[in-house]
Structure formats: structure tokens, C-alpha cells
Amino acid sequence: MDTEHLIANWQQVSEQVAQACAQAGHNDTDNKVILLAVSKTKPAAMVATLAQQGQRDFGENYLQEAIEKITALKNEPACADIVWHYIGSIQRNKTRDIAEHFDWVQTLERDIIAKRLNEQRPENMPPLNVLIQVNIDDEDSKSGCRPEELSALIGTIKSYERLQLRGLMIIPAKEGSEAFTRTQQLFAAIKQQHPELVAWDTLSMGMSNDMADAIANGSTMVRVGTAIFGARG
Ligand SMILES: *Cc1c(COP(=O)(O)O)cnc(C)c1O
């Protein structure tokens, strides 16, 4: 894809996010919903192009590829304040790399991983922002913690000083807003039950095909790959 086309896609998606926010009753200045540009499998040059346009948050799924991009872009002035989100599945032996390179992790689902990230987050970096991925439709094949395990997991994660628990992330089983509504209720209930979670502000749900629906149902972060970067591989 050429640069012009990439920028046009990004502008269009940004516009759609703004419209969905307006319809959901957020005003423009709120900046309530963050657009996460999911750049997996796409080259560092595309990330740099969008960073120059003002896109700040990028999501990556594959660790090796992500570290190469993060390293390559580190010294580019326009990329200095990119916020990197890890949204792939987490293998136990890869937690150190994640803790050392990312600003956010959205796919936390087990205490053993949280514990390792907490121990391995470097002292000279701010606490790692984390979202718990919830298997909201209770599918056997899906990652994410089961809703009934959530309470215990929150209890342990909140004691980890090098992690900052920000909220929840979901990938629903099927189209339609039913899972979004349920997750919104869960997110609000946790906020009410846990006033000590002062940074509990992020509900990551919605992708290229359903972002407006997700925003209408309380999403504060949409993760968009294809609609910005084009089809993968
Ligand atoms: C790849 C991916 C996305 C982006 O999906 P698109 O359909 O390309 O917008 C969002 N979230 C997660 C967790 C992903 O792995």
C-alpha cells in the first residue's frame, strides 16, 4: 500500500471513531476513545508514517517482529512517544522481553504471567499498564480468564507494584453487541466494587468490523488493523 492510501485509511478510521464517539454522547474534547493501530505483520515504515500524522498507540502480536520495529523506530523523532501495546498471546518464557519493551499488555489472563511481568519490569521504566483479557463468551478455544476467575486475578494483580491495572480486554465470539453490553456491565461493576483501582479506566473492545458498535457500548479503546493497514499476508 502506498503512503497516501495508508494516510487516507487512517484519516477515515479516525473520523469513524470520532463519529461513533459523538453518537455515543462523548464530546470531542473528551478524547474518550483511543484508536489503537494494530500494525502486526506490517513494516516499521508504515508505523513511522502514521506516527508522523499523530497516531500514538500501536498494537503488536508477534514478539520478535515487534521488538525489531520498536528498536528500529526508537531514534526516529516522530516515533519517540509511540505507546506500544502487546496484544498477542503470552508465553511464559517471553515475559522478560515484553516487560522490557512495551508500555501496555492487553492479554493478561493468568497470575503466573502477571507475577513474572511484575518481577521483570525494569526499575527505570514506569509501571507496565495491563488489561485482563476476559473470555467473555466462555469459549473452550479462546484465551482469556473466565469471568468467574476474574475477581481472584484482580486481587493478586493489584498487589503488584510494577503493574498498573487499567481494565479489561475482550474478543467476542460472534458479531452483535450482546457481549459488548455484558462486558460494559462487568467493567462498571468492578469499578464500583474496587474504588482502590484508581487507574481503572480502559475497556478495550471493537476491531475493524465492529468498532462503532463497541463504542456505542462503552468501549474506550478500539483495536484496528485491516481497516488502516489493509489485509494481512
Ligand atoms: C489482529 C488483531 C486486531 C485487529 O484486527 P483487524 O480485524 O485487522 O482490525 C485486534 N485485536 C487483536 C487482539 C488482534 O490480534
Side-chain angles (χ1 to χ4, degrees), residues 1 5-20 33-44 46-47 49-50 55-70 82-91 94 97-98 101-110 113 117 128-139 141-145 166-177 179-180 183-184 187 202-233:
M1 184 186 304
H5 193 172
L6 174 63
I7 294 173
N9 281 352
W10 175 76
Q11 284 169 337
Q12 192 178 16
V13 170
S14 304
E15 187 55 39
Q16 285 165 354
V17 170
Q19 269 169 21
V33 177
I34 290 174
L35 171 60
L36 178 69
V38 177
S39 45
K40 61 181 172 213
T41 80
K42 302 295 177 179
M46 288 176 103
V47 172
T49 297
L50 294 186
Q55 174 64 33
R56 272 193 87 205
D57 292 86
F58 290 88
E60 291 282 342
N61 294 57
Y62 309 112
L63 198 52
Q64 203 46 49
E65 178 201 327
I67 291 173
E68 281 168 27
K69 276 182 237 181
I70 293 169
I82 287 182
V83 179
W84 292 101
H85 298 244
Y86 187 73
I87 61 171
S89 60
I90 308 175
Q91 287 168 299
K94 297 292 166 58
D97 275 338
I98 295 173
H101 289 92
F102 284 85
D103 303 294
W104 287 67
V105 171
Q106 300 205 2
T107 42
L108 203 52
E109 54 172 310
R110 291 187 289 155
I113 300 291
L117 290 170
L128 182 63
N129 295 291
V130 299
L131 301 180
I132 299 174
Q133 182 176 353
V134 185
N135 185 352
I136 192 71
D137 294 307
D138 223 343
E139 297 169 274
S141 61
K142 268 281 172 55
S143 20
C145 94
R166 302 292 297 265
L168 303 176
M169 182 275 229
I170 61 156
I171 305 173
K174 46 187 181 305
E175 284 184 31
S177 51
F180 292 151
T183 313
Q184 183 178 27
F187 178 76
T202 303
L203 180 50
S204 173
M205 59 185 191
M207 312 201 251
S208 292
N209 294 326
D210 55 10
M211 61 182 186
D213 204 11
I215 291 170
N217 288 285
S219 171
T220 70
M221 190 183 293
V222 289
R223 310 179 306 266
V224 180
T226 311
I228 296 175
F229 294 100
R232 288 179 291 271

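Please read all numbers here as calculations on a predicted model, not as lab measurements. Ligands are counted one by one from 1 in listed order, and the atoms in each one are counted from 1 as well.
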query: Just by distance, do the side chain of Gln16 and the backbone of Ala212 share a donor-acceptor pair under 3.5 Å?
result: no
Enumerate the pairs of nitrogen or oxygen atoms, one from ligand 1 and one from the protein, separated by less than 3.5 angstrom; state names and distance to 0.1 Å.
unit_1: ligand 1; atom_1: 8 (O); unit_2: Thr226; atom_2: N; d: 2.8
unit_1: ligand 1; atom_1: 8 (O); unit_2: Thr226; atom_2: OG1; d: 2.5
unit_1: ligand 1; atom_1: 8 (O); unit_2: Arg232; atom_2: NH1; d: 2.8
unit_1: ligand 1; atom_1: 8 (O); unit_2: Arg232; atom_2: NH2; d: 3.2
unit_1: ligand 1; atom_1: 9 (O); unit_2: Ser208; atom_2: N; d: 3.3
unit_1: ligand 1; atom_1: 9 (O); unit_2: Ser208; atom_2: OG; d: 2.6
unit_1: ligand 1; atom_1: 9 (O); unit_2: Gly225; atom_2: N; d: 2.9
unit_1: ligand 1; atom_1: 11 (N); unit_2: Arg223; atom_2: NE; d: 2.9
unit_1: ligand 1; atom_1: 15 (O); unit_2: Lys40; atom_2: NZ; d: 2.7
unit_1: ligand 1; atom_1: 15 (O); unit_2: Asn61; atom_2: ND2; d: 2.8

- request: Could you tell me whether the side chain of Tyr86 and the main chain of Gly59 form a donor-acceptor pair under 3.5 Å?
  value: no
- prompt: With sequence neighbours excluded, what pairs up with Asp103 under the salt bridge (Lys or Arg N to Asp or Glu O under 4.0 Å) test?
  reply: none
field: ring pair (Phe, Tyr, Trp, His ring centres under 6.0 Å) involving Phe229 - partner list, sequence neighbours excluded
entry: none
task: Identify, with sequence neighbours excluded, every residue that meets salt bridge (Lys or Arg N to Asp or Glu O under 4.0 Å) alongside Glu68.
output: none
message: Restricting to non-hydrogen atoms, name the atom on Ile87 and the atom on Thr107 that form the minimum distance, rounded to 0.1 Å.
response: O-CG2, 3.3 Å
